[in-house]
Amino acid sequence: MKAANYPGDGEPLEIINKPDPSPKPDEVVIEVHRCGICGTDLHMTEGHHWQFPAGCTPGHEYAGRVVAKGSQVRHLSEGDLITALPSTGCGNCDACATGNLALCHNAPGLMGGFAQYISVPEAVSTKLPSTLTAADGALVEPFAVGLYGLQQAQIKPGAKVLVLGAGSVALCAIFWAKQLGASVVAMSRSSRREELALAMGADALINFGDQQQDQIQKLLGGAPDIVVECIGHPGFIGQGIAMVKPMGKVVSMGFCTAPDQFTPAMAGFKGVSLLFPVGYTLANFQHCVDVLSGTDFDPKIIITNTVGLEQLPSMMEKLRGSNQETKVHINPMV
């Protein structure tokens with residue numbers, strides 16, 4: 001099969017030939033029909049301390065059809081369209097006890113979606129209904145990221161929520177904040193994704209600027225109860241602390257991999273709680289599938305481009321610079 005390979009040290013991805021996977025007794029092999037490019041894929045192939053291991057095949061937002069299954073697989077059949085948690089678990093750690101296998105450091109992950117085939121355990125797979133496509137299925141993972149983060153913030157109906165950013169994670173956070181009954185304002189460095197943010201559920205999108213705090217309070221009817229930081233660059237946790245109301249929460253979902261600075265006393269004197277949610281559970285995946293298949297909302301509105309596997313290396317380099325994309329999908333089978 002054809003698959004992407006990360007050489008390490010920030011070198012561009014390359015497309016190589018690898019052996020086709022064979023399923024273990026508890027696994028299925030899927031033909032990957034869609035795999036999304038995540039901001040993490042970009043950040044962790046830049047050659048700094050936080051990087052994927054050399055020789056790996058990235059890609060964790062995938063969906064595809066089952067083409068082979070192991071002898072112990074009971075609930076999936078060949079031809080089923082599925083997505084899967086890109087994680088396994090040891091079953092014995094605190095992370096596994098909560099169901100958040102992404103935080104288990106004792107078991108291998110299940111990256112590898114930037115390839116024509118991948119094997120995954122049945123236990124972490126979610127079958128997609130006929131109302132969803134492979135493109136929908138490859139969006140379940142980022143939507144689950146947003147769902148898990150907002151659940152950790154314990155948003156209640158009527159809450160005032162400010163989302164910093166308008167990228168994929170921010171858009172999914174906007175969607176779930178609205179689904180959970182909050183008033184939602186998004187704030188971005190440009191208005192390019194304003195229409196998209198509104199379609200995802202934001203009541204308004206504003207730009208960073210001198211009057212931002214006044215605008216936020218006017219639109220929300222007061223200071224935000226919760227600020228969701230989805231930008232991932234230094235300085236924005238501090239901005240969240242400055243904007244949130246006393247006794248409010250700042251939820252960092254941007255996964256910044258660079259050192260950041262903020263003044264702890266500012267958070268302390270306001271009684272601010274800081275949360276750093278990472279990951280999701282299989283129940284989150286199933287809930288996303290149920291919601292996305294049970295409404296008229298089309299999650300594919302965030303997809304701006306779909307390219308073949310051979311175009312992946314150049315697309316990755318494009319996404320590192322100024323671009324007009326939001327969520328880009330890879331179709332390895334074209």
Side-chain angles (χ1 to χ4, degrees), residues 36 38-41 43-44 60-61 83 85-87 94-95 98-104 126 138-188 193 196-197 200-202 205 220 224-233 236-241 243-245 248-257 260 262 267 272-292 297 299 302 326-327:
C38 176
T40 306
D41 297 320
H43 297 322
M44 299 189 73
H60 57 274
E61 302 177 4
T83 184
L85 289 180
S87 311
D94 291 339
T98 69
N100 190 347
L101 305 186
L103 297 184
C104 175
T126 300
L139 292 171
V140 168
E141 196 274 351
F143 270 84
V145 168
L147 175 61
Y148 181 82
L150 273 291
Q151 284 180 336
Q152 301 310 298
Q154 298 180 329
I155 290 179
K156 298 177 181 178
K160 303 177 181 69
V161 174
L162 173 65
V163 177
L164 304 184
S168 297
V169 171
L171 292 169
C172 292
I174 290 168
F175 176 83
W176 289 115
K178 180 58 65 173
Q179 288 285 311
L180 293 168
S183 298
V184 188
V185 168
M187 188 158 63
S188 180
R193 295 194 178 113
L196 197 49
M200 296 292 285
L205 181 143
L220 287 175
D225 302 300
I226 297 169
V227 175
V228 187
E229 179 275 311
C230 300
I231 295 178
H233 292 299
F236 287 99
I237 292 176
Q239 289 208 36
I241 292 170
M243 294 172 188
V244 76
K245 77 170 190 179
K249 298 174 183 177
V250 175
V251 185
S252 178
M253 296 178 61
F255 201 67
C256 180
T257 56
D260 198 355
F262 57 87
V272 174
S273 298
L274 301 180
L275 300 173
F276 296 86
V278 171
Y280 28 60
T281 68
L282 190 60
N284 292 146
F285 264 52
Q286 187 62 58
H287 185 68
C288 290
V289 169
D290 292 343
V291 170
L292 296 179
F297 173 77
I302 71 173
T326 300
K327 173 59 68 178

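Atom CG of Leu85 is separated from atom NE2 of His60 by 11.5 Å, given to the nearest 0.5 angstrom. The distance from atom CZ of Phe236 to atom CD1 of Ile241, rounded to the nearest 0.5 Å, is 13.5 Å. Residue Leu275 holds its CG atom at 12.5 Å from CD of Glu229, rounded to the nearest 0.5 Å. One distance of note links CG of Asp290 with OG1 of Thr126; it measures 9.5 Å at 0.5 Å rounding.
Residues forming a side-chain contact (heavy atoms from CB on, under 4.5 Å) with Phe276 (at least two apart in sequence, or on another chain): Ile237, Ser252, Leu274. Applying the side-chain contact (heavy atoms from CB on, under 4.5 Å) rule to Cys172 yields the partners Pro142, Phe143; only residues at least two apart in sequence or on another chain are considered. Shown here are the side-chain contact (heavy atoms from CB on, under 4.5 Å) partners of Ala170, two or more places apart in sequence or in another chain: Val163, Cys230. In this structure, Glu141 has no salt bridge (Lys or Arg N to Asp or Glu O under 4.0 Å) partners at least two apart in sequence or on a different chain. In this view, Ser87 and Leu101, Ala102 satisfy the side-chain contact (heavy atoms from CB on, under 4.5 Å) rule, not counting sequence neighbours. Taking the side-chain hydrogen bond (donor to acceptor under 3.5 Å, both in side chains) definition, one finds that Lys245 meets it with Asp225, sequence neighbours left out. With sequence neighbours left out, Ser188 forms a side-chain hydrogen bond (donor to acceptor under 3.5 Å, both in side chains) with no residue at all. For Lys327, the salt bridge (Lys or Arg N to Asp or Glu O under 4.0 Å) criterion is met by Glu61, not counting sequence neighbours. With sequence neighbours excluded, no residue forms a side-chain hydrogen bond (donor to acceptor under 3.5 Å, both in side chains) with Asp260.
Thr281 places none of its side-chain heavy atoms less than 4.5 Å from the side chain of Thr98. Taking the side chain as every heavy atom from C-beta outward, Val278 and Phe255 approach each other to under 4.5 Å.
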Under 3.5 Å, which donor-acceptor pairs link side chains of residues 148-157 to any protein atom two or more places apart or in another chain?
unit_1	atom_1	unit_2	atom_2	d
Tyr148	OH	Asn100	ND2	3.1
Gln151	OE1	Asn284	ND2	3.0

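Taking both residues in full, the closest heavy atoms of Leu205 and Ala166 are given as CD1-CB, 4.1 Å, listed atom of the first, atom of the second, then distance. Between Gly248 and Val244, the closest heavy-atom pair is CA-CG2, 3.8 Å. For Ile226 against Val251, the heavy-atom pair with the smallest separation is CG2-CG2, 3.9 Å. Closest non-hydrogen pair, Ala173 versus Val228, comes out as CB-CG1, 4.2 Å. Closest approach of Ile302 to Thr326, counting heavy atoms only: O-CB, 3.4 Å. Minimum heavy-atom separation, Ile231 to Leu164: CG1-O, 3.5 Å.
Annotation: side chain to side chain donor-acceptor pair (under 3.5 Å) contacts involving residues 164-186, sequence neighbours excluded, comprise Lys178-Asp203.
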